[in-house]
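Remarks on the structure that follows.
Please read all numbers here as calculations on a predicted model, not as lab measurements.
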Amino acid sequence: MFKTLLPLLAALLLPSAAAAAPSVNPAQAPSPWAVVQERGLGVVEPAVAAAPPSVLLVNARVMTAAGAVHDPGYVVLADGLIAAVGAGQPPSVPEGAAVLDLQGHTITPGLIDTHSHLGVYPSPGGTAHSDGNEATAPTTAGVWAEHSFWPQDPGLERALAGGVTALQILPGSANLIGGRGVVLQNVPRRGPRAMRLPGAPETVKMACGENPKRVYKEKGGPSTRMGNLRSFRSAWLKAEARRRLWDEADRKAAAGDKGKKKAKKGEAEKHPEAEWPERDLDLETLVGVLRGEILPQIHCYKADDMLDVLQVADEFGWQVRGFHHCLEAYKIRDVLADRGVSCSTWADWWGFKLEAYDGIPHNAALLTEAGARAVIHSDSGDGIQRLNQEAAKALRWGREAGVALTDDQALRWITANPAWTLGIDALTGTLEAGKR
């Protein structure tokens with residue numbers, strides 16, 4: 001039986017000789033950068049699932065996080081996506097849909113945590129499970145949190161029970177550039193590749209301030225904030241040089257036949273040959289940032305540290321997507337609003353180290369009032385279970401300080417704004433037709 005099946009399986013699973021790739025002029029070969037990105041992000045385990053049923057949710061209070069609140073309202077789900085949202089009763093019911101009467105309940109978008117270490121520091125805690133910091137060099141941009149992630153961390157189930165449907169798993173903050181993060185959908189799978197949220201861009205974790213200088217003070221440095229910035233800039237200088245090599249090789253490859261030199265009498269035609277630089281895992285990540293393909297997420301507490309990082313970003317032409325923790329963001333909220341930088345912070349956690357002494361519980365409210373994107377994150381296996389309550393606390397503090405805030409704005413701190421921070425706002429974060 002098995003001997004009979006093997007040839008059939010081979011025919012189905014293995015490429016045939018007739019399907020072999022054609023020969024390609026080296027000058028027209030695809031960029032190794034493109035190949036690396038395509039192969040590196042491929043899903044090893046296919047997400048096989050039954051076709052999702054159609055579901056109609058009625059008579060609930062529907063908070064869309066897009067400005068509208070329907071009370072009562074309805075949500076129609078079909079083919080795994082939101083098909084319709086509105087007030088009152090739906091005009092039609094999909095054939096065969098399951099109808100759930102949710103009177104007395106509230107429907108919101110799935111909650112999103114921009115800053116989690118679940119899976120890389122899983123439960124139970126212990127040295128064997130401590131996989132979040134590659135604290136062997138100040139810059140380790142080539143490591144991926146995905147490769148430390150344990151998908152059986154029970155913290156994921158607890159987060160899901162708290163409403164978290166998407167989360168960013170990050171390396172720790174020991175390093176100036178700690179490595180790539182990964183944006184996951186909180187759906188159980190055997191491996192992190194299959195848990196990746198389809199369509200989510202790559203991210204990279206960086207850090208400034210106390211942590212890198214504390215960790216590397218006895219390891220050759222940096223040991224000061226100015227040392228942090230020198231090491232930071234040195235890494236970007238190398239990345240800038242590598243990008244020029246990539247861009248030149250890409251230009252030559254794209255030229256192809258258009259770039260061939262006219263042959264002199266008795267000579268063969270000459271083609272511009274693309275000379276691809278030797279691969280460097282750290283620089284590949286940083287070049288992705290310079291090209292705008294990888295979104296920087298930066299651990300920073302103090303306002304002056306954030307301004308320093310913005311200065312470096314301007315020097316090398318990349319954009320900060322989000323600062324994390326940023327307890328002093330309220331001091332530069334006008335700058336963050338003008339620059340379009342999000343701020344992932346806590347509701348009322350501060351004072352646990354010197355650079356956290358100036359945190360205030362009104363941070364998210366003041367950022368929102370100034371027009372900046374505020375996010376309530378967890379950085380905690382406990383806090384991730386109650387992000388809605390954390391947002392409620394920040395809402396209360398803001399209102400007591402006289403900031404006029406709506407419930408919808410507070411809901412956006414844990415839905416729409418984190419979705420934008422992670423580059424997935426076209427996919428999720430609000431209850432709108434076509435989104436997940």
Side-chain angles (χ1 to χ4, degrees), residues 29-44 117 119-121 130-150 168-184 191-193 195-196 200-208 211-212 215-216 219-222 228 230-250 253 274-299 309 312-313 316-321 422-423:
S31 161
W33 169 260
V35 173
V36 166
Q37 292 299 91
E38 181 180 351
R39 291 179 182 172
L41 302 182
V43 174
V44 174
H117 300 297
V120 297
Y121 287 114
S130 179
D131 285 315
N133 272 312
E134 182 57 39
T136 54
T139 299
T140 57
V143 304
W144 295 24
E146 174 183 319
H147 297 149
S148 278
F149 181 80
W150 186 47
Q168 177 178 223
I169 306 301
L170 291 169
S173 53
N175 296 346
L176 293 167
I177 304 175
R180 297 198 195 192
V182 60
V183 179
L184 303 179
R193 286 288 172 96
M195 290 182 68
R196 276 178 171 264
E202 291 287 284
T203 66
V204 63
K205 169 71 175 298
M206 306 181 201
C208 64
N211 283 21
V215 172
Y216 289 98
K219 295 184 179 183
N228 282 351
R230 180 187 65 177
S231 298
F232 205 34
R233 294 173 71 205
S234 295
W236 291 107
L237 283 170
K238 293 176 183 177
E240 194 175 54
R242 178 55 58 96
R243 181 184 64 173
R244 287 196 293 268
L245 292 177
W246 279 118
D247 290 348
E248 178 62 15
D250 285 342
E275 297 179 2
W276 307 109
E278 184 177 344
R279 286 192 63 183
D280 183 298
L281 297 179
D282 288 346
L283 293 180
E284 282 176 9
T285 294
L286 298 184
V287 168
V289 174
L290 293 176
R291 289 183 166 184
E293 299 166 358
I294 298 178
L295 304 182
Q297 313 286 336
I298 304 172
H299 160 120
V309 171
V312 173
F316 293 98
W318 51 273
Q319 300 293 319
V320 175
R321 187 70 170 193
L422 303 181

Could you pull out the closest heavy-atom pair between [X] and [Y], with the gap in Å?
| X | Y | result |
| --- | --- | --- |
| Ile177 | Ala235 | CD1-CB, 4.1 Å |
| Val312 | Trp236 | CG1-CD1, 4.0 Å |
| Phe316 | Arg233 | CZ-O, 3.7 Å |
| Gln168 | Gln297 | OE1-CG, 3.4 Å |
| Ala249 | Glu275 | CB-O, 3.8 Å |
| Ala174 | Val215 | CB-CG2, 3.9 Å |

Are Pro277 and Arg242 side-chain neighbours, meaning at least one heavy-atom pair lies under 4.5 Å? yes
How far does [atom1] of [X] sit from [atom2] of [Y], to the nearest 0.5 angstrom?
| X | Y | atom1 | atom2 | result |
| --- | --- | --- | --- | --- |
| Glu278 | Leu283 | CD | CG | 11.0 Å |
| Arg291 | Arg243 | CZ | CZ | 8.0 Å |
| Leu295 | Gln319 | CG | CD | 11.0 Å |

Tell me whether [X] contacts the main-chain N or O of [Y] through its side chain, where contact means a donor paired with an acceptor under 3.5 Å.
| X | Y | answer |
| --- | --- | --- |
| Lys219 | Ala135 | yes |
| Asp282 | Ala141 | yes |
| Lys205 | Gly178 | no |
| Asp131 | Val120 | no |

For side-chain contact (heavy atoms from CB on, under 4.5 Å), just list the numbers for Glu240 and Arg244, CA-CA rounded to whole Å, side-chain angles, deciding distance to a tenth of an Å, and then say yes or no. CA-CA 6 Å; Glu240 194 175 54; Arg244 287 196 293 268; 3.6 Å; yes
Checking salt bridge (charged side-chain N to carboxylate O under 4.0 Å, His left out) for the pair Arg196/Glu202: CA distance, chi angles, key distance, verdict? CA-CA 10 Å; Arg196 276 178 171 264; Glu202 291 287 284; 2.9 Å; yes
What pairs with Glu248 under side-chain hydrogen bond (donor to acceptor under 3.5 Å, both in side chains), at least two apart in sequence or on another chain? Arg251
Please determine whether side-chain contact (heavy atoms from CB on, under 4.5 Å) holds for the pair Phe232 and Thr139, giving the CA-CA distance in whole Å, both sets of side-chain angles, and the decisive distance to 0.1 Å. CA-CA 8 Å; Phe232 205 34; Thr139 299; over 6 Å; no
Test side-chain hydrogen bond (donor to acceptor under 3.5 Å, both in side chains) on Tyr216 and Asn228 and set out the steps. CA-CA 10 Å; Tyr216 289 98; Asn228 282 351; over 6 Å; no
Result for side chain to side chain contact (heavy atoms under 4.5 Å, CB included) between Thr140 and one of Thr285, Leu281, Asn175, Leu176 points to Asn175
Name the orientation class of the two ring planes belonging to Trp246 and Trp276 (parallel below 30°, tilted from 30 to 60°, perpendicular beyond 60°). tilted
Evaluate the ring planes of His147 and Trp144, with Trp represented by its six-membered ring, and classify them as parallel (under 30°), tilted (30 to 60°) or perpendicular (over 60°). parallel
Those residues at least two apart in sequence (or on a different chain) that pass salt bridge (charged side-chain N to carboxylate O under 4.0 Å, His left out) with Asp280 are none
